[in-house]
Asks: 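Mind having a look at this structure? Questions to follow.
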Amino acid sequence: MTRGSREKPLAGQVAVVTGAGRGIGAAIARTLAAIGAQVLLCGRTRKTLETTAEAIARAQGQAEVAVCDVADLNSVEALAGQVERTLGRVDILVNNAGIGGFGGPLHELAPINWDQILNTNLRGVYYMVRSLAPIMIRAKTGHIINISSLAGKNALPNGAAYAASKWGLNGLSYSVAEELRSHNIRVSVLCPGSTHTELTPHTGKDAAKMLQPDDIAHVVVMLVTQAPQSFVSEVLLRPTLKP
Ligand SMILES: NC(=O)c1ccc[n+]([C@@H]2O[C@H](COP(=O)([O-])OP(=O)(O)OC[C@H]3O[C@@H](n4cnc5c(N)ncnc54)[C@H](OP(=O)(O)O)[C@@H]3O)[C@@H](O)[C@H]2O)c1
């Protein structure tokens with residue numbers, strides 16, 4: 001280990017980031033690796049995860065790829081097994097994987113789409129917490145960061161299922177924060193506004209004024225580098241100029 005890497009704030013720590021193949025998750029993974037974390041990159045598509053891993057390696061960071069569908073309990077449990085076998089610990093879990101759903105009013109939404117949105121954005125976080133929190137509890141340390149949305153604080157016409165998944169995720173996060181704080185585990189929920197990614201075209205909005213994935217990654221770094229005796233339980237992140 002070089003002198004420089006010892007000085008990085010997350011040196012020696014393991015971070016698991018879901019949805020790390022593109023968009024906000026890729027930015028979070030790159031940024032955590034840049035400050036010393038060994039990052040496990042999770043998502044359903046190996047190729048995009050490998051692209052993130054290559055970018056991290058080019059910047060002298062450490063990353064591993066784990067194909068995982070957060071909506072599939074067997075897949076998430078296999079991931080937890082891989083974490084225990086190969087890394088032995090998880091200091092930071094960023095539940096970022098999510099899908100959109102902004103096609104029209106709720107009464108026109110097909111049940112299969114409801115299931116896909118809720119199973120990814122909400123049930124997926126439950127599966128990740130269920131499978132990885134025990135590792136943190138045994139270690140008596142950890143930080144879970146759930147990537148929610150301002151759609152979890154506001155009404156979102158034509159995106160009711162997505163909004164429901166994020167309102168649910170906020171309630172889950174506040175509650176799990178109380179369950180885990182006695183184990184010295186911090187839980188934060190981060191609610192960004194519209195962000196320039198492939199999630200949705202954000203038609204009619206100025207992409208240059210929207211949040212960029214690195215803005216969210218910057219806040220994640222703020223959260224995980226907070227001194228251990230306190231934690232930020234919720235962040236609402238807005239672009240300065242309305243897009
Ligand atoms: N973009 C916005 O305006 C915005 C605003 C607020 C909050 N958010 C939230 O930020 C998070 C990231 O969104 P993004 O904008 O970066 O979207 P994105 O560019 O579409 O990326 C989503 C990522 O999640 C992964 N993913 C989707 N379903 C998955 C599953 N079942 N299991 C594992 N990984 C899965 C995708 O990879 P694979 O398809 O390869 O699995 C992809 O890497 C989401 O939770 C989203 O709700 C986004």
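Just follow the structure's listing: the first ligand is 1, and inside any ligand the first atom is 1.
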Asks: Compare every heavy atom of Val189 with every heavy atom of Ser148, then report the nearest pair and how far apart it is.
Replies: CB-CG2, 3.5 Å
Asks: Taking all non-hydrogen atoms of both residues into account, name the closest pair between Asn158 and Pro105 and its distance.
Replies: OD1-N, 3.1 Å
Asks: Of the non-hydrogen atoms in Leu150 and Gly193, which two are nearest, and what is the gap between them?
Replies: CD1-CA, 3.6 Å
Asks: Output the set of protein residues with a heavy-atom contact under 4.0 Å to ligand 1, ordered first by chain identifier and then by residue number.
Replies: Gly19, Gly21, Arg22, Gly23, Ile24, Gly43, Arg44, Thr45, Cys68, Asp69, Val70, Asn96, Ala97, Gly98, Ile99, Thr120, Ile147, Ser148, Ser149, Tyr162, Lys166, Pro192, Gly193, Ser194, Thr195, Thr197, Glu198, Leu199, His202
Asks: Do Cys68 and Thr18 touch side chain to side chain, with heavy atoms closer than 4.5 Å?
Replies: no
Asks: Are Ile185 and Val94 linked, directly or through other ILVMFWY residues, by side chains that come within less than 4.5 angstrom of each other?
Replies: no
Asks: Ile35 versus Thr31: any side-chain heavy-atom pair under 4.5 Å?
Replies: no
